[in-house]
Amino acid sequence: MTSVHLHFIDNRRVPSASGETLPVVDPSDGQVFAEIARGGAAEIDQAVAAARRAAEGPWGRMPGVERGRILARACALIQQHADELMQLESRDCGKPLTQARNDVTAVARYFEFYAGAADKVGGQVLPYLAGYTVLADREPHGVTGHIIPWNYPLQIFGRSVGAALAAGNACVVKPAEDACLSLLRLAELLAQAGLPAGALNIVTGLGTEAGSALSAHPGLDHISFTGSPPTGTRVAQAAAVHHVPVTLELGGKSPQVVFDDADLDAAVPVIVNAIVQNAGQTCSAGSRLLVQRGAYEPLLAKLSAAFSALRVGPAAADLACGPLIRASQLAHVRQMVHEARDAGLAVAAHGQIVTDAPHGGYYFAPTLFRDVPHGHRLAQEEVFGPVLAAMAFDDEDDAVRLANGTRFGLVAGVWTRDGSRALRLAKRLRCGQVFINNYGAAGGVELPFGGVRASGHGREKGLEGLISFTRVKTIAIKHD
Ligand code: NAD
C-alpha cells in the first residue's frame, strides 16, 4: 500500500468527493511510490468558498505587519524542515539533492522577502482639483488562483503564493499532477505558522479537471498561471469569460549571446549550468547559444569538453543532471533530438548516463548541437530537456536579430567585456530579464521576472510581484 496525500482545504486534509486518486511516480526509477487525491470541480468549489470566507474574514482584515509575522514564522519553519522538504522535492521531481536543497533555500527566502514587504506597500495621495483629496489605495485582489507546474514547485509557490499572501489575498493552488508533495507539506507548515483557515488551499489533480475548473471559476479575483504556452492560452480564455485578470509565466527559448571579447572560461560553467540545471526543464533555460564567429570554435571546444564530462543519474546520486519528469517528456525530448539528427544537425558533444542508473528512470544525456540553423525547430521551440543549440553570428545587429527571432522573450544572457555594447544589447533585446556576464543572478528573489509575447505577461518576484497581487482603488473626497 502506498500513502495517499489528500487536498489541503481550510487548514485540513480532505479527500476527493469521488475518493479517486492518482499515482505519484518517482522519475528516477519509474515506480509508483505514493498517491494523490484526484480533485475536480467539487473540490475547487470547496476551496474557493473557503478562500472567500478567509478573504472576507479575519485574514482579509489582518494588518500587513501581522501577515508578515506569519510569513516570517513560515520561513523559519521551512528552514527547520529543509531536509524533509528537500527529500520530498528531490524524489517527486527527480531533482538532484543539491538542486532540491537550492529550491528549499529559495522558497524560504521568498517567505523572508515577502514577510518583510507585507507592511510596506501603500497607496498614494494624488494631486487633483481644489477642494478634493484623492487617495489611490492598494487593496488585495481577494481570492487568487495559482496553477503551478512540476519543474520548480517550491520556488514557484514561493514567488506566487508568497507574494499573494503578503498582499492579503486568500489563495487556491492547483499544483501539477506530477509534483505536489512538497507543496502539501508546505501548506501544513504555513498553518503551523499561524495562517488562518482558508487563506491557503491546495487542490491536487489533473490539469484538465482541477486545473480547468479553477481557471473557469467565477469566484476568482485573479489567476496566476505558470506552465506551457498552449495551456496558458486555455487558462486565459477560461478566465476571460468571468473577466478575471491573468498573469501568465510561460516558456522560453532564451539566448546566451557571446561576443569575441568575452571571458570564455567564466562563461562556460554558467552556460552549461543554465541548460543542465533541472535536466533543462527550466522555463528560463539558456537553450540557445549565439556566438560571434571569432569565438565560436574556441567556445565550442571548451563546451564540448564540459558536456562530455557531465554525468546523469538518479536524484539521490546528486549528479549534475537527474532524470526528466515523466516518460512522455523523455519521449518528447528524444523525438526532437532524433528529428534534428535526421535533418543532418551535428552533435558536438554529449554527457553520459551512469551505468547503474535504475532501469525505468527517464534519463537523457545532455547534448550540444552545433551550427543549428536559426529557423530549425531546435532553435525555435522549447525542448524542455538538456539540449543546447549553438550557432554563429557576425556582428551586433546579427546577434540582436537572432536573439529576438523566436516567438518567445523571457531571459537573455550577454557575454562581453565592452560595457557600452552590453548596455546597447540589453536595451535592444526583447525579453523580461537580461543578464550581463552572468545568467540567472543566482535565483534573484528580489528581481522582477516575466516575459513578453509567447513567454507570457505580468511580472512576479521582487516588490513588483507583490504589487501585481494588489489593485488600486481611487477614493475621491470632496471638502472645503
Ligand atoms: P502545462 O502547461 O502542461 O502544466 C502546467 C500546469 O497547468 C499544471 O499544474 C497542469 O496540471 C495545469 N494544466 C494543464 N492543463 C490545464 C488546463 N487545461 N487548464 C488549467 N490547467 C491546466 O506545463 P508543464 O508541461 O507542466 O510545464 C512545462 C512548461 O511550463 C514549459 O513550457 C515551461 O517553459 C513552462 N514554465 C514556465 C515558467 C515561467 O515562469 N515562465 C516556469 C516553469 C515552467
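Worth saying up front: this structure is predicted, and the values here are computed from it rather than measured. In each ligand, atom 1 is the first atom listed, and ligand 1 is the first ligand listed. We number each residue from 1, following the sequence as shown.
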Which of the ligand 1 atoms, numbered from 1, are nearer than 4.0 Å to a heavy atom of [X]:
X    : answer
I148 : 6 (C), 8 (C), 9 (O)
R234 : 18 (N)
C283 : 34 (O), 36 (N), 37 (C), 38 (C), 39 (C), 40 (O), 41 (N), 42 (C), 43 (C), 44 (C)
P175 : 9 (O)

Between S182 and E89, do the side chains contain a donor N or O and an acceptor N or O under 3.5 Å apart?
yes
Side-chain donor-acceptor contact under 3.5 Å, H7 with S16
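Yes - a donor-acceptor pair under 3.5 Å links their side chains.
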Minimum-distance protein heavy atom relative to atom 41 (N) of ligand 1
L250 O, 2.4 Å
One residue to check: E382. Relative to ligand 1, which of side chain, backbone, both or neither has a non-hydrogen atom less than 4.0 Å away?
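For E382, the contact with ligand 1 is made by the side chain alone.
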Does atom 4 (O) of ligand 1 have a protein non-hydrogen atom under 4.0 Å from it?
no
Please report the C-alpha distance between E460 and R159 in whole Å, then the side-chain angles of each, then the deciding distance to 0.1 Å, and finally whether the salt bridge (charged side-chain N to carboxylate O under 4.0 Å, His left out) criterion is met.
CA-CA 6 Å; E460 291 192 335; R159 77 181 191 206; 3.0 Å; yes
K174 versus ligand 1: do any nitrogen or oxygen atoms come within less than 3.5 Å of each other?
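Indeed, backbone or side chain, K174 has an N or O that close.
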May I ask you to check if ligand 1 and N151 share an N or O to N or O distance below 3.5 Å?
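No.
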